[in-house]
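Below is one structure, written out as structure tokens; comments come after it.
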2 protein chains.
Amino acid sequence: MAHARAARPARKRADRYHHGDLRRALLQAAVRTIGAHGIDALTLRAVGSSLGVSRTALYRHFADKAALLAAVAAEGFRLLRVQLEEAWERGGRGGAGFDAMGLAYVRFALAHPSHYRVMFGADVGAAENPDLEEEGARAFQVLVDSLVSQQQDGLVRRDDPQQMALFIWAAVHGIAMLALDRRLEHQHTDGEALARYAVGRLRTAIALATA
Amino acid sequence: MAHARAARPARKRADRYHHGDLRRALLQAAVRTIGAHGIDALTLRAVGSSLGVSRTALYRHFADKAALLAAVAAEGFRLLRVQLEEAWERGGRGGAGFDAMGLAYVRFALAHPSHYRVMFGADVGAAENPDLEEEGARAFQVLVDSLVSQQQDGLVRRDDPQQMALFIWAAVHGIAMLALDRRLEHQHTDGEALARYAVGRLRTAIALATA
DNA sequence: ACCTGAACACCGTTCAAGT
DNA sequence: ACCTGAACACCGTTCAAGT
């Protein structure tokens, strides 16, 4: 079957691998596998065979399994950053934009649970992979920049923006994790509703003190 | 060596296993192993051999490896609850007690990273283990009760205590996770400092609106 | 340059057998 | 009742070999 002259698309795909596309394909297959069957199902054998490729072909493109996961995480941070930037811009770069960013963060985690789990999973060494480190820092910087901007507009208290951003990041990250771990189901809420409540409370928390 | 007549403590310990202590010993060994060498190093072989016991002895006391991890997590939630209760009581069951609880939460995660990682790890099925479920709920209830108490004292806004508690839990959980994942090291802070800042902001966030 | 297939050293789990 | 030892079906990784 693999030798059939008629299997032209397959052959074409195989050719593309030889030109460097296998890396991308492996990344997508990894995300697909985690999304479908959980992180434990992500074996190099499963990824390889879902692409019709040997389980060791991966080692031409990634140092090891951890490097594959780090690449998934870096891609996730890039996608997240785009979402945050869009929310901030579309919200008018003010209070409404800030609220939209908070919602966008939690929605990203709910919409891309496989990416998110890998991004904050224990197995992926954040410090070991500079690419991952940078993408994470860039996403975080969107939040920091928005706080500085709001400080200049007199909307937000003049605490250290870095520390304020960490506090907010921790809050939305915590909500995302609780939602993904299904720890909100036995309560009166879900990730979306809790995120809506949280952005209101966070706004109060960082508002410029009127006293 | 194992047959030496002089090895009396070892024999005594072996006897205790026959009376049901192996379960406790396995739990402690699991925590010790994760603490020393990380969660990936927690193999049933490692746990067993650290107790001088076969790697399959565990199956008399736990259904499988996941059940062992769930037991570690349940114990972690019990320890955490005690810490939170103590902080709340010692702080005078008011604003100071609330702040102390927030700090105690993050400090628990920093002091017992192996427990904490398992408690919120993806592998431990929160819904599958009723014991774990209940210990988690009891720890959470300490926070809910403290909020209700503060509402009655006119210290805290009259939002749904459950939702307010989830918001706060998410925030301190997020700080704990970021600290454990070493994501605060490249910033101007650490887990303790960020927790201190966060409890101040959280207090503002949930304070009774004066308007 | 890129991929394969066999081999290696692991892993969790099962199960008949021992005491 | 409790534990062992061999066996099974996996896993990530290495490496000589193919094209």
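Here is the naming used below: chain letters follow the sequence lines, and residue numbers restart at 1 for every chain. Basis for what follows: all heavy atoms, side chains included, without hydrogens, waters or symmetry-related copies.
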side-chain hydrogen bond (donor to acceptor under 3.5 Å, both in side chains) partners for A:Arg93, two or more places apart: A:Glu89
Pairs meeting criterion side-chain hydrogen bond (donor to acceptor under 3.5 Å, both in side chains) with involvement of residues 135-144 of chain A, two or more places apart: A:Gln141-A:Asp145
Strand DNA chain D as a dot-bracket string - pairs counted if Watson-Crick or G-U with both distances under 3.5 Å, | where the partner lies in another strand: ||.|||||...|||||.||
Which residues share a side-chain hydrogen bond (donor to acceptor under 3.5 Å, both in side chains) with B:Gln151, sequence neighbours left out: none
Annotated protein contacts, base or backbone, on nucleotides 13-19 of chain C with a non-hydrogen cut-off under 4.0 Å, one of B, S, - each: BB-----
Distance below 4.0 Å between B:His61 side-chain N/O and D:dC3 OP1 or OP2: yes
Residue pair B:Leu184, A:Leu166: steps toward the side chain to side chain contact (heavy atoms under 4.5 Å, CB included) verdict: CA-CA 8 Å; B:Leu184 303 180; A:Leu166 282 169; 3.7 Å; yes
Between B:Tyr197 and A:Asp159: side-chain donor-acceptor atoms closer than 3.5 Å: yes
Salt bridge (Lys or Arg N to Asp or Glu O under 4.0 Å) involving A:Arg182 - partner list, sequence neighbours excluded: A:Glu185
Atom pair CZ/CD of B:Arg81 and B:Gln83 - distance to nearest 0.5 Å: 11.0 Å
Plane angle bin for A:Phe77 and A:Trp169 - parallel if under 30°, tilted between 30 and 60°, otherwise perpendicular: parallel
Rounded interatomic separation in angstrom, taking CZ from B:Arg23 and P from D:dC2: 13 Å
Between P of C:dC2 and CG of A:Leu26, the distance in whole Å: 13 Å
